[in-house]
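Reminder, nothing fancy here: chain letters follow the sequence lines and each chain counts from 1.
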Amino acid sequence: MKSDLVTRFAPSPTGALHPGNARTALFSFLFARAGNGRFLLRIEDTDQAREGAGDAAAQMADLDWLGIAWDAGPDRDDGKGPYRQSERGAIYREHYHRLEQLGHAYPCFCSATELDIARRTQLASGQPPRYPGTCRGLDATARAARLASGRRPALRFRVPESGNIEFDDLVRGPQSIAAASLGDFLIRRADGGTVFFFCNVLDDALMGVTHVLRGDDHLSNTPRQLLLLQALGLPRPVYGHLPLLLDPDGLPQSKRRNSVTVAQLREEGFLADAVSNYLLRLGHHGAPDRWIDRDGLAAVFRADHLGRAPAKFDRTQLEHWQREAVLRLAPEAAADWLAPIFPDGWPRVERVKAAELLRGNLLLPDDARDWLAVLTGELPALTAEDRAQVAEAGAGFFEAAQDVFAETGPALAPLAERLKASTGRKGAALYRPLRIALTGRHDGPELAALLAAIPAPLVRERLANAAQIRAD
RNA sequence: GCUCCCAUCGUCUAGAGGCCUAGGACACAGCCCUCUCAAGGCUGGUACGAGGGUUCGAAUCCCUCUGGGAGCGCCA
């Protein structure tokens, strides 16, 4: 059963998607899903100058990767689009006209320098920088005169001189601000370009958005947008302002500071569901401590469980969820996950087998590189300590191992049994030298599985090598 | 400069006056399990930014300060 709930994510395609935006998108998406509503994606590409080629497509790919699916968007119109603001010029023009007709907006002829001077003056005298109202009272003749002199006006919204603007924020609670503290703000640039305050809120209303989850940085802008809706006679959505997501050092994420992007995490090999499980718990509480499947995410999301304090991006916690995610990967998916580090010619079956063998000891695909050498290549030189352990077991031990291996093959149980009988060794004294000789390291999957996975010639070679090792 | 927002273990968080000698998770340390690592089990240390109030009682309410952030753009 569909409800009337409609949420959206409205990124501007300037650069890559950061975890903070991804979280906002995820929350909005889950919010809609949890309420049987719809989730919209709108691209706010009104600033062509700042837009990088392919940024929108890249961000959409990131969202898609995370499993954030939009019911309507640039590539999926539902009749209320277009979902790119660059294609909505006619709609904006129509509403500019209405605002002007209604007396809620007026042309402003002030130049950038004039405004700058006013701003500086106000700042210098301890006043908040606000539009001084120069063009507010211009009559028809004055306007005509300016137009005639060739000046192209911008359009400004006429903010009421008194009264309070009130709204109840989903996460911040009741808000109230005096209209008088707001200056008349711009809604259309002199070149005809639209301005965020305007197109953003207008599109939300026109697209039927009922609940807006967005960054904290918009909280103090909300009253302006509410004024706009009121002037236009459009319904207002419920707002929920999410605290910022900070870098590990506590500073806001930014391109300049090289904050991690979603694309980077993906390239490193982090799994989408690990990222989701992590983001779900940043600034949102109430989810159980255990792993949640992609399909179960929406069921634990609660809009009334959103936090107010900013959170720091913490790789260690992401890694915890990554470990959980890797453990839960289906065999085929695990092989795909490791694809970047497998040799090109490797057959599918081998890949799946290797992935199954190693995944318990991997956090990222890169971690598998050394293990690949264990399975197919040359072992790195042993440390002095490891040499000592191998030497302690003795040449006889490894000679016996070679003999037994020749008979029993790659099954550990009979091999261990026979070695135990012939050398008297057991437990760690038996297994550890074998592990070191065969893998060159102390950690890793079960020895039985390793023995079965390492090609027999390599096993023979390594056992023979171990028999040659003497303590330093 | 002005306005607004935020503040609990290293990190994510629970906490809406007594249930808090502050709970959980991650991380860390120790032990158990075990051929190793991981997983799992058990145990442990670590936090209410500071100062004033209000109250019988404050992490929770009020004020001040401190620290952080945002907005005030012909950026979004």
Side-chain angles (χ1 to χ4, degrees), chain A residues 10-14 44-47 49-51 85 108 110-112 115-116 119 122-131 152-156 169 171-172 175-178 181-183 185-197 199-200 214-224 241 243-244 246 248 250-252 278 280-290 305 307-321 323-324 326-327 359-363 412 416 425-436 439 441-448 450:
Chain A
S12 65
T14 53
E44 306 219 325
D45 54 350
T46 57
D47 186 11
R50 288 211 311 166
E51 182 177 349
Q85 291 190 325
C108 172
C110 298
S111 70
L115 293 171
D116 193 47
R119 204 160 19 237
Q122 288 165 328
L123 239 23
S125 63
Q127 300 296 308
R130 279 205 284 269
Y131 179 66
R152 302 188 60 193
L155 195 63
R156 231 168 244 285
D169 193 274
V171 349
R172 289 304 155 84
Q175 308 285 319
S176 174
I177 183 163
S181 71
L182 270 23
F185 55 93
L186 213 74
I187 55 176
R188 187 189 66 210
R189 283 174 270 188
D191 65 4
T194 186
V195 172
F196 168 81
F197 290 128
C199 54
N200 173 269
R214 49 162 31 165
D216 217 347
D217 45 340
H218 293 300
L219 183 63
S220 23
N221 288 332
T222 307
R224 276 173 247 270
H241 287 93
L244 256 42
L246 273 23
L251 270 46
Y278 174 56
L280 176 71
R281 294 165 170 92
L282 281 185
H284 174 254
H285 70 265
D289 290 330
R290 64 189 151 71
H305 281 180
R308 276 177 291 271
K312 297 186 185 102
F313 182 86
D314 181 31
R315 200 181 163 94
T316 307
Q317 304 210 37
L318 206 211
E319 286 176 351
H320 167 251
W321 295 112
R323 199 178 299 285
E324 297 282 322
V326 171
L327 254 25
R359 48 117 64 92
N361 286 272
L362 306 176
L363 198 57
L412 183 66
R425 287 177 172 265
K426 57 178 183 178
L430 172 71
Y431 289 100
R432 187 163 299 153
L434 270 181
R435 174 177 287 277
I436 295 173
T439 70
R441 51 198 297 173
H442 297 124
D443 61 341
E446 289 188 354
L447 199 49
L450 280 167

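- Base pairing of B:rG17 is not made with any nucleotide, judged by Watson-Crick or G-U wobble geometry with both donor-acceptor distances under 3.5 Å.
- Nucleotides of RNA chain B nearest to A:Asp443 and A:Leu123 differ in position, and the one nearer the 5' end is that of A:Leu123.
- B:rA50 sits 37 Å from B:rG73 when the P atoms are compared, rounded to a whole Å.
- Rounded to a whole angstrom, the distance from the C1' atom of B:rC33 to that of B:rA39 is 11 Å.
- Considering only side-chain atoms of A:Pro128, the nucleotide from B:rC5, B:rC74, B:rC2 that sits closest is B:rC2.
- A gap of 11 Å separates the P atoms of B:rG23 and B:rG44, to the nearest Å.
- Counting non-hydrogen atoms under 4.0 angstrom, A:Asp289 reaches the backbone sugars and phosphates but no base.
- Across the strands present, B:rG1 finds its partner in B:rC72; the criterion is a Watson-Crick or G-U wobble pair with both atom distances under 3.5 angstrom.
- Checking B:rC35, B:rA70, B:rC12 against every side-chain atom of A:Arg432, the shortest atom distance belongs to B:rC35.
- As a whole-Å value, the separation of A:Leu362 CG from B:rC37 P is 17 Å.
- Out of B:rC6, B:rG71, B:rU13, the shortest distance to the side chain of A:Ala309 is found at B:rC6.
- Rounded to a whole Å, the CG atom of A:Asn221 is 9 Å from the C1' atom of B:rA70.
- Looking at the side chain of A:Arg189, the nearest of the listed nucleotides B:rC5, B:rG73, B:rA76 is B:rA76.
- Nucleic acid contact class of A:Gly283 (heavy atoms, under 4.0 Å, all strands): sugar-phosphate only.
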Chi angles and distances behind the side-chain hydrogen bond (donor to acceptor under 3.5 Å, both in side chains) call for A:His241, A:Asp216: CA-CA 5 Å; A:His241 287 93; A:Asp216 217 347; over 6 Å; no
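- No hydrogens or angles were tested; on distance alone, a donor-acceptor pair under 3.5 Å links the side chain of A:Arg435 to the base of B:rC35.
- For B:rC28 and B:rU11, the P atoms lie 16 Å apart once the distance is rounded to whole Å.
- Residue order along RNA chain B, read from the 5' end via each residue's closest nucleotide, puts A:Tyr131 first among A:Thr14 and A:Tyr131.
- Of the listed nucleotides (B:rA27, B:rU11, B:rC5), B:rA27 has the atom at the smallest distance from the side chain of A:Thr316.
- Using a 4.0 Å heavy-atom criterion, one finds that A:Phe197 contacts the bases of the nucleic acid, with or without backbone contacts as well.
- Comparing B:rG1, B:rC74, B:rC5 by their closest approach to the side chain of A:Arg156 singles out B:rC74.
- Listed candidates were B:rA27, B:rC74, B:rG71. Nearest to the side chain of A:Ser220 is B:rG71.
- Using Watson-Crick or G-U wobble geometry with both donor-acceptor distances under 3.5 Å, B:rC61 finds its partner in B:rG53.
- At whole-Å resolution of the value, NZ in A:Lys312 and C1' in B:rG68 are 10 Å apart.
- Using a 4.0 Å cut-off, no side-chain N or O of A:Ser111 falls inside it from OP1 or OP2 of B:rC74.
- Nucleotide B:rG10 holds its C1' atom 17 Å from the CG atom of A:Leu318, rounded to whole Å.
- Aromatic pair A:Phe185/A:Tyr131: centroids not less than 6.0 angstrom apart.
- Comparing B:rU36, B:rC26, B:rG71 by their closest approach to the side chain of A:Arg224 singles out B:rG71.
- In this structure, the side chain of A:Arg308 does not engage the main chain of A:Arg172 through any donor-acceptor pair within 3.5 Å.
- For the pair A:His285 and B:rA14, the criterion of a side-chain N or O lying under 4.0 Å from OP1 or OP2 is met.
- Using atom P as the reference point in both B:rG68 and B:rC74, the two lie 28 Å apart (nearest Å).
- Computed from coordinates, the A:Ile436 CD1 to B:rC35 P distance equals 15 Å when rounded to whole Å.
- Between A:Phe197 and A:Asn221 the shortest side-chain heavy-atom distance falls below 4.5 Å.
- A donor-acceptor contact shorter than 3.5 Å is absent between the side chain of A:Arg156 and the backbone of A:Arg188.
- In this structure, the nucleotide among B:rC12, B:rC74, B:rC35 sitting nearest to the side chain of A:Leu186 is B:rC74.
- A:Leu244 comes within 4.0 angstrom of sugar-phosphate atoms only, judged by non-hydrogen atoms across all strands, and of no base.
- Computed from coordinates, the A:Phe196 CZ to B:rC75 P distance equals 14 Å when rounded to whole Å.
- In this structure a side-chain-to-backbone donor-acceptor pair under 3.5 Å is present from A:Tyr278 to A:Asp314.
- Neither OP1 nor OP2 of B:rG73 sits under 4.0 Å from any side-chain N or O of A:Arg130.
- The partner of B:rG67, taking Watson-Crick or G-U wobble pairs whose two distances both stay under 3.5 Å, is B:rC6.
- Using a 4.0 Å heavy-atom cutoff across all strands shown, A:Pro252 reaches sugar-phosphate atoms only and no base atom.
- Of the C1' atoms belonging to B:rA47 and B:rU13, the separation is 12 Å, rounded to the nearest Å.
- Of the side-chain N and O atoms in A:Arg172, none sit less than 4.0 angstrom from OP1 or OP2 of B:rA70.
- Listed for the A:Gln122 side chain is a donor-acceptor partner under 3.5 Å among the backbone atoms of A:Arg130.
- Between the side chain of A:Arg189 and the backbone N or O of A:Thr194, at least one donor-acceptor pair lies under 3.5 Å.
- Here A:Glu44 lies in heavy-atom contact (under 4.0 Å) with sugar-phosphate atoms only.
- Residue contacts for A:Pro310: at a heavy-atom cut-off of 4.0 Å it reaches the sugar-phosphate backbone alone, with no base atom in range.
- For A:Phe196 and A:His218, the ring centers are positioned less than 6.0 Å apart.
- Note on A:Asp314: only backbone sugar-phosphate atoms sit closer than 4.0 angstrom, heavy atoms only; bases stay farther off.
- Within the 4.0 angstrom heavy-atom criterion, base atoms lie near A:Gly444.
- Taking the P atom of each, B:rG1 and B:rC65 are spaced 13 Å apart, rounded to whole Å.
- Using bins of under 30°, 30° to 60° and over 60° for the plane-to-plane angle, the ring pair A:His305/A:His285 lands in the parallel bin.
- Among the protein residues, A:Ser181 comes within range of no part of the nucleic acid, since none of its heavy atoms lies under 4.0 Å from any strand.
- A distance of about 15 Å separates the P atoms of B:rA25 and B:rA14, rounded to the whole Å.
- Separating the CH2 atom of A:Trp321 from the C1' atom of B:rA38 is a distance of 17 Å, rounded to the nearest angstrom.
- Contacts of A:Glu446 with the nucleic acid, taken as non-hydrogen atoms under 4.0 Å apart, include base atoms.
- When heavy atoms are screened at a 4.0 angstrom cut-off, A:Ala112 is found touching no nucleic acid atom at all.
- When rounded to the nearest whole Å, the span between CG of A:Asp217 and C1' of B:rU3 equals 16 Å.
- Residue A:His218 is in base contact, counting any heavy-atom pair closer than 4.0 Å across all strands shown.
- In this structure B:rA25 sits in a base pair with B:rU11, meeting the Watson-Crick or G-U test at under 3.5 Å.
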